[in-house]
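Counting convention: from 1, in listed order, for ligands and their atoms alike. For the numbers below, each heavy atom of this structure counts, side chains included, while hydrogens, waters and symmetry mates do not.
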Amino acid sequence: MNRSNLYYFSQLSFFILIFISGCTSKEVSPNISGKSDASIEEPIQYALVIHGGAGTLKREDMTPDKDAQYRSALDSALTIGENILLSGGTAADAVEKTINYLEDVPLFNAGKGAVYTADEHHELDASFMDGATLEAGAVGGITNIKHPISAARAVMLYSEHVMLTGQGAEQFAQEQGLDTVSNTYFDTPFRYEALQKVKALEKENLSLSRSSVYPDKKFGTVGCVALDTYGNIVAGTSTGGMTNKKYGRVGDSPIIGAGTYANNSTCGVSCTGHGEFFIRYAVAYDVHAHMAYTNIPLNEATHKVVNQKLVEAGGSGGLIAVDKFGNIAMTFNTPGMYRGYVKPGKRVVSIYKDEPN
Ligand code: ASP
């Protein structure tokens with residue numbers, strides 16, 4: 001190659017290089033948690049995400065009819081929440097009403113359809129947090145309030161406390177005019193069957209290790225996180241806890257920082273999974289803390305907490321989250337999680353791991 005050819009060749013290579021780097025620099029940040037929602041830093045109008053529990057949810061164990069029922073319930077829940085946000089309602093109202101609906105659907109382990117305790121009744125837990133004020137409310141071990149999430153919100157709004165439990169919580173909820181029901185209202189045959197199966201397993205294997213005292217690895221807790229048009233983030237979680245729970249056991253769902261957290265400066269989070277791990281690893285708060293202290297985006301924070309820290313510890317489950325820009329994360333380390341989200345122009349409902357996130 002003579003000198004002038006060499007000159008033209010090097011100029012050409014230079015332009016090719018510029019062209020290629022121009023193309024690749026348009027790529028969005030890596031999709032670490034497997035979600036399709038790229039990290040953006042422009043606030044969007046609103047966003048709402050829900051879960052109906054994570055766990056060993058596999059296509060082969062599900063009939064087409066059951067599959068359709070779950071999807072339709074998740075879709076209806078999204079519509080309830082989105083309509084509130086679209087009409088200028090608050091994230092707090094959207095979260096409460098969306099969860100109220102999920103509490104009424106027997107498919108989920110919250111309100112009607114809650115799992116059974118070892119002595120064959122229901123004890124419900126819920127929590128609610130406002131990311132604008134960092135105010136929060138929670139109830140634990142309640143037996144006769146139809147909508148535990150409304151009781152949790154009432155504790156936040158109308159009491160000077162964060163968490164009320166048992167009979168005191170029930171008395172407070174009744175004084176606030178919330179609907180009461182008999183404990184048998186929460187009964188469903190399929191949860192009763194699940195209890196009998198778990199009891200049989202427990203009998204068979206009395207030497208179950210501490211981390212496997214709950215062999216039923218299907219968590220049906222419900223949760224919702226919303227960002228409203230005013231820029232406020234609210235998170236809520238409601239559950240019957242874990243099948244065969246004993247001794248007044250309370251899980252992560254009513255614990256602020258474990259099962260639920262919201263802070264307008266970062267994100268809102270609602271969790272589902274083996275509560276003992278979520279309590280010990282302060283999972284919901286940990287997602288916020290990663291974002292606040294290390295300035296990483298939401299999907300990276302949820303990935304670290306759910307797919308690294310929890311997996312190393314042996315804790316199964318997942319979470320949903322929304323950041324202040326309206327980015328969504330639906331991150332889980334189980335084969336599936338009932339989940340969905342809605343934001344302007346976009347709606348997703350999924351169950352299994354290989355589906356859109
Ligand atoms: N996290 C809940 C608990 O441990 C269970 C669930 O998510 O279904 O009580």
Side-chain angles (χ1 to χ4, degrees), residues 49-57 70 74 99 102-103 105-118 121-129 138-143 148-149 152 163 165 186 188 190-191 194-195 198 210-225 235-261 269-287 305-306 310 313-321 330-339 351:
V49 60
I50 55 174
H51 70 76
T56 319
L57 316 172
Y70 275 105
L74 292 167
I99 293 183
L102 293 168
E103 287 173 334
V105 176
L107 295 169
F108 302 106
N109 171 21
K112 175 84 185 164
V115 297
Y116 285 80
T117 62
H121 71 282
H122 311 275
E123 292 175 6
L124 314 175
D125 306 325
S127 63
F128 193 93
M129 185 161 184
V139 289
I142 57 173
T143 59
I149 197 67
M163 185 189 264
T165 63
F186 301 111
T188 47
F190 87 102
R191 294 288 183 202
L195 175 69
V198 171
R210 267 178 70 210
S211 65
S212 58
V213 285
Y214 297 110
D216 178 27
K217 294 283 185 222
K218 289 190 188 75
F219 310 106
T221 292
V222 307
C224 178
V225 185
T237 310
S238 180
T239 190
M242 290 177 74
T243 303
N244 200 31
K245 63 185 185 181
K246 304 180 180 79
Y247 316 118
R249 180 262 187 193
V250 171
D252 61 310
S253 307
I255 297 179
I256 297 301
T260 303
Y261 196 74
V269 181
S270 167
C271 302
T272 173
H274 194 154
E276 280 65 14
F277 289 86
F278 283 69
I279 295 171
R280 292 193 289 118
Y281 287 81
V283 167
Y285 181 80
D286 201 22
V287 172
V305 174
V306 175
L310 270 181
S316 57
L319 58 80
I320 52 167
M330 305 190 289
T331 312
F332 49 100
N333 60 31
T334 48
M337 180 165 82
Y338 299 112
R339 61 197 188 276
I351 300 177

Asks: Under 3.5 Å, is there a donor-acceptor pair linking the side chains of S238 and E103?
Replies: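 Judged by distance alone, the side chains do pair up.
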
Asks: To the nearest 0.5 Å, tell me how far D252 CG sits from T272 OG1.
Replies: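 Spacing of CG (D252) from OG1 (T272) equals 7.5 Å.
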
Asks: Using a cut-off of 6.0 Å, state whether more than 12 heavy atoms not belonging to Y247 lie near its atom OH.
Replies: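 For Y247, atom OH is not crowded (no more than 12 foreign heavy atoms under 6.0 Å).
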
Asks: Please tabulate, one pair per line, all N/O donor-acceptor pairs under 3.5 Å involving side-chain atoms of residues 107-115, not counting sequence neighbours.
Replies:
| residue | atom | partner | partner atom | Å |
| --- | --- | --- | --- | --- |
| N109 | OD1 | V115 | N | 3.0 |
| N109 | OD1 | G240 | N | 3.1 |
| N109 | ND2 | G241 | O | 2.8 |
| K112 | NZ | Y185 | O | 2.8 |
| K112 | NZ | D187 | O | 3.0 |

Asks: Under the criterion side-chain hydrogen bond (donor to acceptor under 3.5 Å, both in side chains), which of S127, S270, S253 is the partner of T237?
Replies: S270

Asks: Could you check whether the rings of Y116 and H122 sit parallel, tilted or perpendicular, using 30° and 60° as the cut-offs?
Replies: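 If you compare the ring of Y116 with that of H122, the planes turn out tilted.
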
Asks: Can you list every protein residue that has a heavy atom under 4.0 Å from any atom of ligand 1, sorted by chain and residue number?
Replies: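 The 4.0 Å shell around ligand 1 contains N109, F219, G220, T221, G241, M242, R249, G251, D252, S253, T272, G273, G275.
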
